[in-house]
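Order of the sequence lines sets the chain letters (A, B, ...), proteins ahead of strands, with each chain counted from 1.
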Amino acid sequence: MIKEIPKTYEANKYEDEIYKLWEGSGFFNPDRIKSKKKYCNILPPPNANGELHLGHASGYTVMDIFGRYHRMKGEKVLLYPGKDHAGIQSQVVYEKKIKAERGISRYDLGREKFYKEIYDFCIDRSNYMRAQEKKIGISADWSREKFTLDPEVLSKALETFVKMEKDGMIYRGERIINWCPRCATALSDVEVLHKKTAGKLYYIKYPLKDSKKFITVATTRPETMLGDTAVAVNPKDKRYASLAGKIAILPLQNREIPIIFDRKIEMDFGTGAVKITPAHDPLDWQIGKEHKLPEIQVINEKAEITKLGGKYAGQKIDEARENILRDLAELDLVEKIEENEINKSICERCKETIEPLISKQWFVNVDAKKYSLKKESLKAIKAGKIEIYPKNFGKIMEQWFSNLHDWCISRQIWWGPQIPVWYCEKCGEENYIVSIEKPKKCPKCKGEKLTQDPDTFDTWFSSGQWPYTTLGYPKEKDYKNFYSTEMMVTGRDLLFFWASKMIMLGLYRTGKVPFKNLFFTGLVRDKDGLKMSKSKGNGVDPLQMIEKYGADALRMILITDTTPGLDIRVYEEKIEKYRNFVTKLWNIYRYSFSSSDNFKLIEKISGHDVKSLADQWIVSRVNQAILEASRMLESKNIAMAENILIKFTWDDLANWYLEIHKLEKNDKVLGYVLEKILKLWHPFMPFVTEKIYGDANRKAKMLMVQKWPVADKKLIDKKAEKEFQNLQEIIVKIRNIRSSYRIAPSEIISASSQKLKNQEIIEKLGRVKFGEKIKQGINVSEKNIRIILDIAELIDVEKEKKNFDKEIANLENLIAKNSALLANKNFLASAPKEIVENNKIKLSEYKEKLKSQKELLENLQTL
RNA sequence: GGGCAAUUAGCUCAAUGGCUAGAGCACCUCGUUUACACCGAGGGGGUUAUAGGUUCGAGUCCUAUAUUGCCCACCA
């Protein structure tokens with residue numbers, strides 16, 4: 001048998017085959033499973049424009065572990081896959097591509113052709129990415145896979161817009177918005193990043209009308225002055241009190257602008273006087289509205305100065321800034337320039353500087369009368385309708401919802417679903433018609449010339465509805481079966497982009513939360529804690545790692561020692577460790593099946609098959625591991641579950657039990673333990689466990705659909721565990737002595753002892769041989785075991801004495817602490833009984849140990 | 001400016017208020033004993049960032065402080 005099993009498990013040889021087996025079995029599809037209990041996890045649809053990275057892999061691993069665990073518990077499990085058209089991002093990617101490959105822009109292609117090409121591109125990428133997702137081993141039901149632009153999914157998302165419009169939650173308006181000049185579109189607040197950068201604060205003197213005096217304003221963006229329509233100061237600011245009703249002359253433009261008073265102006269920043277440019281600054285826009293100031297647009301959508309900018313018209317803003325500053329300096333109107341840290345706004349997708357512009361856009365009123373997205377979401381979160389991991393992210397979300405502003409949902413990009421609004425040529429834009437299908441006639445004038453609003457939706461508007469659009473709200477079976485879903489796993493970076501929107505829209509549309517558990521993964525970083533990125537070239541390619549170390553090893557590294565919401569560092573050495581562990585598991589299997597010709601995996605074991613102390617111990621330990629690992633998985637604590645299993649498999653089973661098994665073969669016990677660990681490990685390492693299970697048991701069904709083990713509490717034997725621990729300790733002590741006196745393993749030490757259980761085990765693992773009573777030797781003891789080793793001549797008495805003294809001091813210290821604790825009435829009164837009991841046992845153990853240490857010391861002194 | 005998190009061995013990270021705070025990597029010593037050198041045995045290495053507090057008991061809870069990171073926000 002052993003010759004047939006190779007020494008190492010070569011993951012890349014088997015993984016594809018195993019995945020095909022799973023897929024072919026049809027068990028990824030919940031329809032094949034009969035159960036009342038349902039478990040659904042809608043997978044976050046990756047952007048259909050690139051390839052898989054470690055961030056995806058880490059999320060998928062978490063989802064798949066839970067999914068496989070629940071499937072093994074016999075539940076109807078649905079991991080629902082899909083792809084996202086990813087509006088702006090895909091358009092940016094594709095524009096770069098055609099620019100690089102064909103030297104053209106989207107305008108060269110025209111809207112229709114561009115849309116068609118990018119659609120094909122996304123479908124192509126989706127197919128490619130699907131293959132990558134399978135490599136990770138995710139047990140998703142591909143027969144259901146959806147794309148955000150699939151008609152049945154999309155129409156549900158558009159219906160939400162129609163419903164919102166009816167409910168008075170939608171409005172179209174000219175407001176100041178975030179404009180990305182490169183993407184040529186409006187952006188919502190969350191799509192804008194703020195980056196602290198070094199900048200300058202310019203102090204510019206504005207002459208006062210009919211006076212030789214000036215008012216000095218401080219600004220970081222002098223070029224916007226071309227559009228100034230006021231200068232504002234705080235009404236409490238005494239320095240400017242005399243300027244009430246006065247007029248300033250805007251330099252370069254020679255425009256008369258009023259000096260106004262507004263409480264929003266900070267007195268201690270700059271000069272306390274602020275130039276007001278309603279068309280190009282959010283705060284100024286608000287002030288402008290309140291004071292009814294004109295809005296003069298001097299910067300256009302390409303970040304150039306408009307005609308209204310006079311002689312600077314047509315210049316790029318950087319260029320204009322230089323020219324304006326030079327001209328002002330010539331007029332002696334620049335008072336000073338200071339270094340100043342500024343908060344630069346950049347586009348989340350392309351990193352271009354954002355221009356605040358006034359523009360006509362579609363907005364969702366998040367706090368409308370009929371239905372408040374904001375309040376309902378807050379209510380649901382506060383009521384704990386969603387269990388959030390980590391818990392504190394709930395608080396972050398609450399805060400975010402309470403500060404939520406209206407959501408700009410229109411984008412001026414071409415890629416994505418168009419807003420279902422139609423304009424009649426005759427009746428004008430004011431009388432728009434909301435309809436998913438193109439209306440035949442204008443309901444007002446019966447005119448037939450109707451055109452659709454050219455804007456497309458914010459991509460999060462459709463992906464934010466993903467849980468119920470995929471499941472087929474409101475009538476389809478999947479929706480009825482699986483909504484609200486059990487689990488959602490997503491990166492912490494998508495908290496506001498996506499998770500919040502799913503909650504908001506899910507509640508609005510279905511009245512229910514979209515998921516009962518929300519699990520956040522951290523970001524994957526490199527060895528130095530830096531974010532992985534293509535430009536830095538520090539990315540670790542998941543597919544390369546899978547090829548080299550196997551998917552199981554990669555999965556393990558992505559969940560080991562992790563805490564929800566906290567970032568993880570990934571690098572090759574770490575992955576190696578888990579490849580090694582996979583090999584370890586493989587070799588446990590290899591050893592077991594070389595043990596005898598008819599070695600079998602055994603599901604149930606009866607008491608009388610458990611023979612020796614070691615058997616009792618390992619059987620007890622494995623049941624304990626089942627208990628604990630299951631508990632950890634139930635509480636969504638994957639990393640802890642994994643830790644428990646690693647410790648059991650590597651230490652208890654491989655390093656101890658297997659060595660003992662070589663002496664006192666009990667294939668029933670080993671077969672039983674192996675069967676359990678294959679099942680326990682399956683959700684974590686599905687490939688290697690499936691491979692072993694299949695090879696070991698060709699007649700059985702797949703491991704994937706075997707029942708998750710239930711601990712047999714009758715087999716948990718704390719007394720046997722304790723006794724075995726003593727045995728372990730004495731062996732460790734012998735090894736310790738061997739090591740400190742450099743006795744080679746090949747050298748067998750003569751030893752003697754009275755009435756010894758498990759003599760053979762001590763002989764093999766401690767490499768000693770029991771025989772005639774040894775008169776002069778060194779004593780090793782643990783509890784009721786005492787062994788004399790015939791190495792008196794090797795012993796450095798002084799050194800040993802020191803060791804004993806140290807240990808005795810340590811024990812005395814512990815005894816003192818414990819005695820004090822047990823003498824404390826408060827402790828006895830308030831600590832749980834179990835703890836008190838434990839402490840009593842501990843104390844007596846310490847005392848026993850101390851006694852034996854003292855004896856040993858005495859013994860040593862007679863040498 | 002506000003909020004959140006982190007700070008534990010040289011490094012990466014665990015630890016559910018209660019067993020002498022644990023792993024892996026790295027390091028040192030020894031070893032190929034017929035599952036595994038992708039291995040085994042042993043070892044060194046900790047004032048759990050600092051200062052207080054609550055508690056019978058604190059790495060864990062509370063309050064400050066420091067450092068780092070992240071997020072949010074209309075100081076131009």
Side-chain angles (χ1 to χ4, degrees), chain A residues 2 5 7-9 176 189-190 194 201 217-221 224 232 264-266 268-270 273-277 281-287 340 342-343 356 390 392-393 395-396 399-400 403 492-493 495-496 523 527 529 549 560-563 565-569 571 573-574 576-595 631-632 635 637 639-640 643 646-647 654-655 658-659 662 732 735-740 742-746 764-765 767 810-811 813-814 817 821 824-832 834-836 838-839 841-842 845-846:
Chain A
I2 186 153
I5 306 174
K7 272 189 168 188
T8 52
Y9 165 76
I176 192 139
D189 294 341
V190 285
H194 303 281
L201 187 61
V217 298
T219 179
T220 55
R221 297 200 56 197
T224 63
K264 287 188 278 295
I265 306 302
E266 300 282 331
D268 37 5
F269 186 88
V274 185
K275 56 190 267 325
I276 299 296
T277 323
D281 181 276
L283 180 66
D284 292 4
W285 182 79
Q286 203 184 323
I287 292 175
N340 182 43
I342 56 167
N343 215 350
N392 68 296
F393 276 36
K395 252 197 289 177
I396 297 176
Q399 247 173 50
W400 187 81
N403 295 325
R492 67 164 173 78
D493 52 331
L495 182 65
F496 305 134
L523 305 183
K527 198 172 182 173
Y549 300 106
T560 296
D561 288 348
T562 58
T563 311
L566 290 191
D567 295 353
I568 48 167
R569 299 187 183 193
Y571 42 90
E573 295 93 306
K574 263 193 180 177
E576 254 175 52
K577 173 189 157 185
Y578 285 94
R579 186 265 326 261
N580 295 353
F581 180 68
V582 170
T583 308
K584 180 54 87 174
L585 189 66
W586 182 258
N587 273 289
I588 292 171
Y589 152 65
R590 185 165 181 259
Y591 169 81
S592 305
F593 276 78
S594 66
S595 165
R631 209 176 65 219
M632 287 305 155
S635 59
N637 201 338
M640 272 294 273
N643 263 338
I646 284 260
K647 162 93 178 80
N655 291 348
L658 250 45
E659 290 309 315
K662 288 171 187 171
V732 167
R735 285 170 170 173
N736 209 314
I737 287 172
R738 298 190 67 104
S739 176
S740 64
R742 300 181 181 220
I743 305 165
S746 51
K764 173 152 173 34
L765 301 187
R767 304 197 66 72
N810 180 28
L811 284 166
N813 187 18
L814 288 169
K817 263 195 203 164
L821 194 60
N824 188 328
K825 279 178 201 159
N826 288 327
F827 172 70
L828 296 176
S830 22
E834 221 185 279
I835 301 292
V836 176
N838 262 335
N839 271 285
I841 295 168
K842 257 191 317 185
E845 275 177 3
Y846 292 149

* Asked: What is the distance from atom CG of N643(A) to atom OG1 of T560(A), rounded to the nearest 0.5 Å?
  -> 7.5 Å

* To do: Among A35(B), G18(B), C75(B), find the nucleotide with the atom closest to the side chain of N343(A).
  => C75(B)

* Side-chain contact, heavy-atom cut-off 4.5 Å: I265(A) with I287(A)? -> yes

* Asked: NA contact type, Y571(A), heavy-atom cut-off 4.0 Å: base, sugar-phosphate, or nothing?
  -> sugar-phosphate

* Could you check which of C36(B), A35(B), G42(B) has an atom nearest any side-chain atom of S739(A)? => G42(B)

* Structure fact -> The nucleotide from A76(B), A35(B), C56(B) with an atom nearest the side chain of L658(A) is A35(B)

* Salt-bridge test for E659(A) and K662(A): reply yes if a basic N is under 4.0 Å from a carboxylate O, no otherwise. => yes

* Asked: With a non-hydrogen cut-off below 4.0 angstrom, is R767(A) in contact with a base, only sugar-phosphate, or nothing?
  -> base

* With sequence neighbours excluded, what pairs up with S595(A) under the side-chain hydrogen bond (donor to acceptor under 3.5 Å, both in side chains) test? -> D667(A)

* Asked: So, is K584(A) near the phosphate of G40(B), with a side-chain N or O under 4.0 Å from OP1 or OP2?
  -> yes

* Does T8(A) put a side-chain nitrogen or oxygen below 4.0 Å from OP1 or OP2 of C36(B)? -> no

* Asked: Distance check: side-chain N/O of H194(A) vs OP1/OP2 of C72(B), anything under 4.0 Å?
  -> no

* Answer with base, sugar-phosphate or nothing: what part of the nucleic acid does V582(A) contact at a heavy-atom distance below 4.0 Å? => nothing

* **Rounded P spacing from A23(B) to A9(B) in Å** => 15 Å

* Structure fact -> Comparing K842(A) with V274(A), nearest RNA chain B nucleotide closer to 5' gives the residue K842(A)

* To do: Rounded to the nearest 0.5 Å, what's the gap from CD1 on I276(A) to CG on L283(A)? Could you check?
  => 6.5 Å

* **For H194(A) against N343(A), the heavy-atom pair lying closest together** => CB-OD1, 3.5 Å

* Asked: Which nucleotide in the set A35(B), G43(B), A73(B) lies at the smallest distance from any side-chain heavy atom of I588(A)?
  -> A35(B)

* Donor-acceptor pair under 3.5 Å, R590(A) side chain vs C36(B) base -> no

* Pick base, sugar-phosphate or nothing for E576(A), based on heavy-atom distances below 4.0 Å to the nucleic acid. => nothing

* What distance, rounded to whole Å, do you find between the two C1' atoms, one in U12(B) and one in U16(B)? -> 23 Å

* Asked: For A829(A), which contact category applies under a 4.0 Å heavy-atom criterion: base, sugar-phosphate, or nothing?
  -> nothing

* Ignoring hydrogens and angles, are the base of A41(B) and the side chain of E659(A) linked by a donor-acceptor pair under 3.5 Å? -> no

* **Least distance between heavy atoms, L821(A) atom then F827(A) atom** => O-CD2, 3.2 Å

* To do: Write down the distance between CZ (R742(A)) and P (C30(B)), rounded to a whole number of angstrom.
  => 6 Å

* Asked: For A744(A), which contact category applies under a 4.0 Å heavy-atom criterion: base, sugar-phosphate, or nothing?
  -> nothing

* Which is true for N838(A) with a 4.0 Å heavy-atom rule: it touches a base, it touches only sugar-phosphate, or it touches nothing? -> nothing

* Asked: So W586(A) and Y9(A), would you call those rings parallel, tilted or perpendicular, with 30° and 60° as cut-offs?
  -> tilted

* Under-4.0 Å side-chain N/O to phosphate OP1/OP2 contact, K577(A) with G24(B) -> no

* Check the distance between C36(B)'s C1' and W586(A)'s CH2 and give it to me in whole angstrom. => 13 Å

* Asked: T220(A) side chain: which of A73(B), A76(B), U16(B) is closest?
  -> A76(B)

* To do: Measure from the side-chain heavy atoms of P745(A) and tell me the nearest of G31(B), A41(B), G18(B).
  => G31(B)

* Asked: Is a donor-acceptor contact shorter than 3.5 angstrom present between the side chain of K662(A) and the base of A35(B)?
  -> yes

Mind listing the N/O atom pairs, protein and nucleotides 2-8 of chain B, below 3.5 Å?
residue	atom	partner	partner atom	Å
G3(B)	O2'	Q399(A)	OE1	3.1
G3(B)	O2'	Q399(A)	NE2	3.3
C4(B)	O2'	N392(A)	ND2	3.2

* Asked: Are any of K7(A)'s side-chain N or O atoms less than 4.0 Å away from OP1 or OP2 of A37(B)?
  -> yes

* About how many Å separate CG of L523(A) and CG of D493(A), when rounded to the nearest 0.5 Å? -> 5.0 Å

* How far apart are the closest heavy atoms of K584(A) and A654(A), and which atoms are they? -> CD-CB, 4.0 Å

* To do: Pick the P atom in C4(B) and in C56(B), then give their distance to the nearest Å.
  => 29 Å

* To do: May I ask you to say what R569(A) touches in the nucleic acid, namely base, sugar-phosphate or nothing, with a heavy-atom cut-off under 4.0 Å?
  => sugar-phosphate

* Looking at every strand, decide which applies to S746(A) at a 4.0 Å heavy-atom threshold: base, sugar-phosphate, or nothing. => nothing

* **Pairing of R492(A) and D567(A) as salt bridge, 4.0 angstrom limit** => yes

* Structure fact -> One should read off an interatomic distance between I176(A) CD1 and D284(A) CG, to the nearest 0.5 angstrom, of 8.0 Å

* Sticking with atom P, work out how far G57(B) lies from G53(B), rounded to a whole angstrom. => 12 Å

* Structure fact -> Here the distance between atom C1' of C75(B) and atom NZ of K264(A), to the nearest Å, is 14 Å

* Asked: With a 4.5 Å heavy-atom cut-off, do T224(A) and K275(A) have their side chains touching?
  -> yes

* Asked: When you compare U48(B) with C13(B), how far apart are their C1' atoms, in angstrom units rounded to a whole number?
  -> 14 Å

* Record whether the side chain of R631(A) comes under 3.5 Å of the base of U16(B) through a donor-acceptor pair of N or O atoms. => yes

* Asked: When rounded to the nearest Å, what value does the distance between C1' atoms of A15(B) and A51(B) take?
  -> 25 Å

* Asked: What pattern of brackets, bars and dots sums up RNA chain B from 5' to 3', given Watson-Crick or G-U wobble pairs under 3.5 Å, [ ] for crossing pairs and | for another strand?
  -> (((((((..((((....[...)))).(((((.......))))).....(((((..]....))))))))))))....

* Looking only at atom C1', what distance separates U63(B) and A58(B), rounded to whole Å? -> 15 Å

* Sugar-phosphate only, base, or nothing, as touched by P832(A) at under 4.0 Å among non-hydrogen atoms -> base

* **Nearest-neighbour nucleotide for the R492(A) side chain, C13(B), C38(B), C70(B) considered** => C70(B)

* So what does N655(A) hit on the nucleic acid, given a heavy-atom distance under 4.0 Å: a base, only sugar-phosphate, or nothing? -> sugar-phosphate

* May I ask you to evaluate whether N643(A) reaches the phosphate of G22(B), defined as a side-chain N or O under 4.0 Å from OP1 or OP2? => no

